[in-house]
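Input: a single structure, listed below in structure tokens.
This structure is a prediction, so every number in the text was calculated from the model and none was measured. Just the heavy atoms: all of them, side chains too, but no hydrogens, waters or symmetry mates, feed the values below.
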Amino acid sequence: MCPRCHHTLLTFKRNASERLLAFSISAFVFLALSLPFNFLTFKSSGQKHSIDLPGGLSVLMENDYLSLAIITGLATLILPGMVLLGFITLGLAHLNNARTPFIKRMFYWVRALLPWSMAEIFLVGTLVSLIKVTELADVAIGMSFYAFIGFTAFMALSMSNFDSTGFALWLHEGELPPPKPLEEKQASSSIQRTWALLLTATILYIPANVLPIMRTEFFGQETPNTIIGGVITLWEGGSYPIAIIILVASVVVPVAKIIILCWLNLSVQLGRTGSTQLRIRYYRITEAIGRWSMIDVFVVAVLVALIQMGNTLSIFPGPAALAFCAVVFTTMIAAMTFDSRLIWQHWKQLP
């Protein structure tokens, strides 16, 4: 435990490398099994449309939504797969005590990719989509869906057994290299970059909420849906838990994250030294929950890929989908750019 902020730095787990290796291999097997089989099937008015995971991405690309397909594929399949391969490599290297330059690079790549691996968020988004879709027609769950649940569960277990500090200590033979001293120029750049990213996120948040995030076409009649409109529709339909989840993930979390990061950045810019424990706690909360705002984007991706039945019933993404995605990514980068050491050090007194 850090004696200053009481943050857990290192946790001892018995057979941690063996557990990491076992869970990672299991997750990778389930990931492979989630690709070739049927994921979901949508039935309405005598018509049926089935998708597997790669096929769902293909549907997005065929309908000229390449950006949404790339984001969904990277966040839910490619990056989690790369992280699992990294876990497997690190686990084997640790068991064989092989400290090589390649393993060190692999370790830093895994740490960098972890925040962008969003398989569990995609699963929650799919479950929300199923609740929305069941109001329109019948939905059948395929084998790949169950495999994806297994993949997500073992992925979560792998992440919980990956001790970043422990691996860093092992790679550097028990003595971590000292961090680069914080300088005034570096601190000033961090503050300016964070302000620029927060301003960008605030501007993008306006079209993300005003413009439709998806469009529903039912027998030739098109109905646009905004984020707030979707929450209201779910609430009026009696889906109170789902409405609350979407409201918190898509409205409360992004706004709260922007406000908290603005407050933190302003406090360090003004050189305030009080409330350090409170500020570092809020910073860690915003860093941890920001990625969960992607639920609504994944809901749109699943619905668009699944419901494509011509003029009878089709769903298309709106311009707000990419704008909201940009808000989430920009706030995540803003949290990474913000140098939390400034909470403890007055930047104008640095060398």
Side-chain angles (χ1 to χ4, degrees), residues 31-44 47-84 113 116-130 132-133 136-137 139-145 147-148 151-152 204 207-208 211-218 222-225 227 230 250 291 293-330:
L31 174 59
L33 291 173
S34 69
L35 298 177
F37 304 110
N38 183 41
F39 191 68
L40 293 171
T41 300
F42 180 76
K43 302 175 183 178
S44 176
Q47 293 180 290
K48 183 171 74 171
H49 183 225
S50 300
I51 59 167
D52 52 28
L53 285 175
L57 299 176
S58 298
V59 171
L60 292 174
M61 289 188 284
E62 288 169 3
N63 287 276
D64 297 326
Y65 306 119
L66 180 62
S67 300
L68 188 59
I70 291 173
I71 291 167
T72 304
L74 281 173
T76 61
L77 298 175
I78 297 174
L79 294 184
M82 292 173 65
V83 168
L84 287 174
L113 293 177
W116 307 99
S117 174
M118 303 180 183
E120 70 280 13
I121 303 173
F122 179 77
L123 179 61
V124 175
T126 304
L127 295 174
V128 172
S129 304
L130 289 178
K132 284 188 173 185
V133 169
L136 302 173
V139 180
I141 295 173
M143 289 183 62
S144 284
F145 185 84
F148 195 85
F151 155 59
T152 307
L204 289 169
L211 298 176
I213 195 167
M214 69 179 183
R215 298 177 290 109
T216 304
E217 190 175 292
F218 186 64
E222 188 176 290
T223 305
N225 297 103
I227 293 176
S250 302
R291 56 205 290 273
S293 297
M294 285 293 291
I295 287 178
D296 221 4
V297 176
F298 292 145
V299 168
V300 173
V302 172
L303 291 177
V304 170
L306 184 62
I307 306 177
Q308 292 293 328
M309 295 187 171
N311 292 329
T312 305
L313 178 62
S314 295
I315 292 180
F316 307 97
L322 289 180
F324 187 77
C325 198
V327 171
V328 178
F329 291 163
T330 307

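Taking each heavy atom of P54 and L35 in turn, the nearest pair found is CD-O, 3.4 Å. Closest heavy-atom contact between A301 and L60: O-CD2, 4.1 Å. When all heavy atoms of T330 and A326 are compared, the closest pair comes out as OG1-O, 2.5 Å. When all heavy atoms of A208 and A320 are compared, the closest pair comes out as O-CB, 3.4 Å. Taking all atoms of both residues into account, the shortest heavy-atom contact from V299 to G125 is CG2-O, 3.3 Å. In terms of heavy-atom proximity, P80 sits nearest to L74 at CD-O, 3.5 Å.
We find the CD1-OG distance between I78 and S117 to be 11.5 Å, quoted to the nearest 0.5 Å. Atom CG of L113 and atom CG of L79 lie 5.5 Å apart (nearest 0.5 Å). Between atom CD1 of residue I213 and atom CG of residue D296 there is a gap of 4.0 Å, rounded to the nearest 0.5 Å. The CG atom of L57 sits 12.0 Å away from atom CD1 of I71, with the distance rounded to the nearest 0.5 Å. Separation of atoms OG1 (T216) and CG (L303) is listed at 8.0 Å; rounding is to 0.5 Å. Taking CD of E120 as the start and OG1 of T76 as the end, the distance is 11.0 Å to the nearest 0.5 Å.
Using a 4.5 Å heavy-atom threshold, the side chains of F329 and M294 count as touching. Two residues are said to be in side-chain contact when any heavy atoms from C-beta on lie closer than 4.5 Å; L77 and L53 meet this criterion. In this structure the side chain of L40 reaches within 4.5 angstrom of the side chain of I141, judged on heavy atoms. Between P212 and P319, the closest side-chain pair of non-hydrogen atoms falls below 4.5 Å. The side-chain heavy atoms of T72 and Y65, taken from C-beta on, include no pair separated by under 4.5 Å. L68 is listed as a side-chain neighbour of V297, based on a closest heavy-atom distance under 4.5 Å. Within the 4.5 Å cutoff, side-chain heavy atoms of F298 are placed close to those of I121.
Under the side chain to side chain donor-acceptor pair (under 3.5 Å) criterion, S50 pairs with T41, not counting sequence neighbours.
F39 and F148 have perpendicular rings, their planes meeting at more than 60° on a 0 to 90° scale where under 30° would count as parallel.
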Review point. Run the side-chain contact (heavy atoms from CB on, under 4.5 Å) check on L33 and F151 step by step: do they pass?
Key: CA-CA 9 Å; L33 291 173; F151 155 59; over 6 Å; no
